[in-house]
Participant: 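What follows is a single structure, and I will ask about it in a moment.
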Amino acid sequence: GMRDVLELSNDLAVNDADEDSILNGLTEMVVRLGGYMDNGQSRWSYCDILLPNYPATILSLQQRSLVVRAQSAASPYKVGVTTFPSQGYAIDRCVAAYQSGHIIYQPVIPLDEDGKSSRRIEEPQIRSAIAVPVPGPAETIMAVLYVASSRERAFTEDDQRVLRMIGCMVEELLETYAV
């Protein structure tokens, strides 16, 4: 039935190792682009590339979740496992970028009483984050580039322009793989 088709439509396990190493390498490059702080730490903590779990032909934008497809070494997520659902009490930055087609930038992520980031359990040290939509064919969004930092206001307007350019590189790569 229809359910079988859904489960087969985007098997993250069939991706080839070369694709993965290129996309993961791109996320590492993004972290390096952020530069370093005085203490020698990277200004940007990690980077993820997220893809919708099902192709556009099957589910509407509002029904699709995003799945981590590639990530830099320090990312707390799991490739092919961590999913950001499209519904929920707090629509995620990544999902909001995916659905709106706009960059979603949170310059200051507040801390809770324990001094941990109130945003996500997996991101206790994250103080600012940005989600950049990756354009696809015919006004669609094909992926999201997500970058997080342990510093507040870690993404300048220039950074946002650079990340948009990286998004275009991600688009080219993904289109090449899809062929």
Side-chain angles (χ1 to χ4, degrees), residues 12 15-51 66-84 90-98 100-136 141-177:
L12 290 161
N15 293 312
D16 129 358
D18 292 344
E19 283 179 30
D20 290 339
S21 65
I22 291 169
L23 287 172
N24 288 328
L26 196 60
T27 63
E28 295 292 353
M29 184 184 87
V30 168
V31 172
R32 283 198 301 276
L33 280 171
Y36 297 90
M37 302 188 280
D38 296 338
N39 63 5
Q41 266 191 314
S42 295
R43 190 163 63 107
W44 298 346
S45 304
Y46 56 86
C47 172
D48 300 274
I49 295 169
L50 300 102
L51 295 185
L66 294 171
V67 181
V68 175
R69 168 75 170 77
Q71 63 185 19
S72 63
S75 171
Y77 301 113
K78 285 191 166 55
V79 169
V81 176
T82 303
T83 305
F84 296 84
I91 287 237
D92 198 85
R93 295 181 277 266
C94 296
V95 172
Y98 178 68
S100 69
H102 296 293
I103 286 183
I104 304 294
Y105 175 31
Q106 198 167 0
V108 180
I109 296 171
L111 295 176
D112 63 18
E113 309 77 64
D114 301 334
K116 285 189 163 54
S117 162
S118 61
R119 195 61 197 83
R120 285 207 199 105
I121 307 108
E122 312 89 64
E123 298 187 341
Q125 309 307 323
I126 294 308
R127 299 309 315 278
S128 66
I130 191 164
V132 180
V134 173
I141 301 300
M142 70 158 64
V144 173
L145 185 69
Y146 177 67
V147 192
S149 175
S150 58
R151 271 183 56 175
E152 292 185 359
R153 299 181 182 83
F155 303 91
T156 64
E157 280 186 32
D158 282 347
D159 292 335
Q160 294 180 40
R161 276 193 283 276
V162 169
L163 290 172
R164 267 206 194 281
M165 283 170 17
I166 304 278
C168 293
M169 290 167 70
V170 172
E171 175 191 8
E172 298 276 318
L173 285 167
L174 292 174
E175 279 178 353
T176 308
Y177 299 150

Participant: Of all residues at least two apart in sequence or in a different chain, which pass the side chain to side chain donor-acceptor pair (under 3.5 Å) check with T176?
Facilitator: none
Participant: Quick one: do V108 and R153 satisfy side chain to side chain contact (heavy atoms under 4.5 Å, CB included)? Show the steps, please.
Facilitator: CA-CA 6 Å; V108 180; R153 299 181 182 83; 3.6 Å; yes
Participant: If you look at every heavy atom in A154 and S149, which pair is closest and at what distance?
Facilitator: CB-OG, 3.2 Å
Participant: Show every donor-acceptor pair shorter than 3.5 Å between a side-chain atom in residues 160-175 and any protein atom, with sequence neighbours excluded, or say none if there are none.
Facilitator:
unit_1 : atom_1 : unit_2 : atom_2 : d
R161   : NH2    : D158   : OD1    : 2.4

Participant: Give a yes or no on whether the backbone of C47 and the side-chain of S75 come within a donor-acceptor separation of less than 3.5 Å.
Facilitator: no
Participant: So, using side chain to side chain donor-acceptor pair (under 3.5 Å) as the criterion, who are the partners of E28 when residues are at least two apart?
Facilitator: none
Participant: Which atom names give the shortest non-hydrogen contact between A70 and L23, and what distance separates them?
Facilitator: CB-CB, 3.6 Å
Participant: Check A74 against S45 and note the closest heavy-atom contact, atom names and distance.
Facilitator: CB-O, 3.6 Å
Participant: Carefully, step by step, assess F155 and Q106 under the rule side chain to side chain contact (heavy atoms under 4.5 Å, CB included).
Facilitator: CA-CA 9 Å; F155 303 91; Q106 198 167 0; over 6 Å; no
Participant: Quickly, which of I130, V144, I104 forms a side-chain contact (heavy atoms from CB on, under 4.5 Å) with R93? Name it, please.
Facilitator: I104
Participant: Mind listing the closest non-hydrogen atom pair of V79 and R69 along with its distance?
Facilitator: CG1-O, 3.4 Å
Participant: Step by step, work out the side chain to side chain contact (heavy atoms under 4.5 Å, CB included) result for Y36 and S42.
Facilitator: CA-CA 4 Å; Y36 297 90; S42 295; 3.6 Å; yes
Participant: Can you spot which of D92, T27, L50, V68 makes a side-chain contact (heavy atoms from CB on, under 4.5 Å) with Y146?
Facilitator: L50
Participant: Which heavy atom in Y46 sits nearest to a heavy atom in V31, and how many Å separate them?
Facilitator: CA-CG2, 3.7 Å
Participant: So which heavy atom on I126 is nearest to which on S150, and how close?
Facilitator: CD1-N, 4.3 Å
Participant: Can you see whether N24 engages S21 through a side-chain donor-acceptor pair at a distance of less than 3.5 angstrom?
Facilitator: no
Participant: Inspect the surroundings of CG in D38 and state if more than 12 heavy atoms from other residues, nucleotides or ligands are less than 6.0 Å away.
Facilitator: no
Participant: Do R127 and R151 come within less than 4.5 Å of each other through their side chains, counting heavy atoms only?
Facilitator: no
